[in-house]
Number of protein chains: 2
Amino acid sequence: MVTEEMREPTFLVLSALADAPRHGYGVMREVLDMSDGRVRLRTSTLYAALERLLADGLVAEAGRETVDGRLRRYYALTDPGRERLTAEVARLTANAAEADRRLRLRPATA
Amino acid sequence: MVTEEMREPTFLVLSALADAPRHGYGVMREVLDMSDGRVRLRTSTLYAALERLLADGLVAEAGRETVDGRLRRYYALTDPGRERLTAEVARLTANAAEADRRLRLRPATA
DNA sequence: GCGGGATATGCCGCTGGCCGACCTATGCTG
DNA sequence: CAGCATAGGTCGGCCAGCGGCATATCCCGC
């Protein structure tokens, strides 16, 4: 696995599923919440991402239920999904740390 | 400024210019080095990114010179560029920390 | 002296994730 | 009954990055 770049919306979807399985709309709310209102996923982005993650085996369907006449499709992070997310966290952390180090090497308005 | 997502190659270009001005090929080497050989920028990606960053005012031309008959175009991070990179670092750090927190809430193979 | 890699810059066509807009449907609240 | 939250989805287009290619010089090994 070459760990190619993962875009932010996709990363946040995996992140939202890291602690518990959720349904699509639940992921949307969770992402909005955990990004302090910064990232509002479009349904096109959300469902396309979930389809892609399902196809890649990073996420699996975790049952369906109907609440108040509305269908809910649940999704859960798989083990490969956890590994992938962990790898992404390491990449982001390393990138951020290195950039921060470089910024400190030459402070603003030197 | 809404700080929309910045892709990894672009982020690494800004990062490579954070400590000192460099020319295109120098940025390429620096990115390769600081990513431990993981990210080898294509010239199409590199020069397109530099053009875009110039147009956005995040990077400025910092002189040209000819060494061994080869032209070098130097680029430097501007103040807005520093601010933007700093904001990106904050975003990456926050995303990584939040994902990490969630992964720990439900450890692997629970 | 000749092929190949490093140095250095650049163009062109395509792909794929995301965005914007839109659609269907139910339940709750003002 | 209008409007919003909830819940799922489609479709067209944009654009950063990728892969391939072009150009040119310098240096090293054979």
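Letters A, B, ... are given to chains in the order of the sequence lines, protein chains preceding strands, and every chain is numbered from 1. Side-chain atoms are counted along with the backbone in the values below, which use heavy atoms only and exclude waters and symmetry mates. Keep in mind that this is a model prediction, so the values were computed, not measured.
For B:L71 and D:dT23, the CG to P distance is 18 Å, given to the nearest whole Å. In this structure, A:E30 places its CD atom 16 Å from C1' of D:dA7, rounding to the nearest Å. The distance between atom CG of A:L12 and atom P of C:dC19, rounded to the nearest whole Å, is 10 Å. Following rounding to the nearest Å, B:E51 (CD) and C:dG10 (C1') show an atom-to-atom distance of 10 Å. Rounded to whole Å, the distance from CE on A:M6 to P on D:dG17 is 17 Å. The distance from atom CE of B:M28 to atom P of C:dA8 is 10 Å, rounded to the nearest whole Å. One interatomic measurement links the two molecules: CG of B:L46 to C1' of D:dG19, which rounds to 15 Å at whole-angstrom precision. Here the C1' atom of nucleotide C:dA8 and the CZ atom of B:R29 are 10 Å apart, to the nearest Å.
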Could you pull out the protein-nucleic contacts involving nucleotides 25-27 of chain C (nitrogen or oxygen on both sides, under 3.5 Å)?
residue: C:dT26; atom: O2; partner: A:R70; partner atom: NE; Å: 2.8
residue: C:dT26; atom: O2; partner: A:R70; partner atom: NH2; Å: 2.5
residue: C:dG27; atom: O4'; partner: A:R70; partner atom: NH2; Å: 2.8

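Where A:T43 and A:F11 meet DNA chain C, the nucleotide closest to each residue was compared, and A:F11 sits on the side nearer the 5' end. Heavy-atom distances to DNA chain D give each of A:Y25 and B:L41 a nearest nucleotide, and the one nearer the 5′ end belongs to A:Y25. Mapping A:R52 and B:R73 onto DNA chain C by nearest heavy atom places B:R73 closer to the 5' end of the strand.
Distance alone, capped at 3.5 Å, is enough to place a donor-acceptor pair between the B:R82 side chain and the A:L103 backbone. A:T78 places no side-chain N or O within donor-acceptor distance of the main-chain N or O of A:A60, the cut-off being under 3.5 Å. With hydrogens and angles ignored, the 3.5 Å screen pairs no side-chain donor or acceptor of B:E8 with any backbone N or O of A:E5. Under a 3.5 Å cut-off, the side chain of B:S35 and the backbone N or O of B:V31 do form a donor-acceptor pair.
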Between B:L85 and B:F11, is the side chain to side chain contact (heavy atoms under 4.5 Å, CB included) condition met? List the steps.
CA-CA 7 Å; B:L85 182 55; B:F11 175 86; 3.5 Å; yes
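A close approach under 4.0 Å does occur between a side-chain nitrogen or oxygen of A:R72 and OP1 or OP2 of D:dA7. Between D:dG8 and A:Y47, a contact under 4.0 Å exists linking OP1 or OP2 to a side-chain N or O. When the side-chain nitrogen and oxygen atoms of A:R7 are compared with OP1 and OP2 of D:dG17, none of them lie within a distance under 4.0 Å. Between B:T10 and D:dG17 there is a side-chain N or O to OP1 or OP2 distance below 4.0 Å. A sub-4.0 Å separation between OP1 or OP2 of C:dT9 and a side-chain N or O of B:R64 is absent.
With hydrogens and angles ignored, no donor-acceptor pair closer than 3.5 Å exists between the side chain of B:S44 and the base of D:dG17.
Of the listed residues (A:L53, A:L77, A:T45), just one forms a side-chain contact (heavy atoms from CB on, under 4.5 Å) with A:V13, and that residue is A:L53.
A 4.5 Å side-chain heavy-atom check between A:M6 and A:L14 finds at least one atom pair inside the cut-off.
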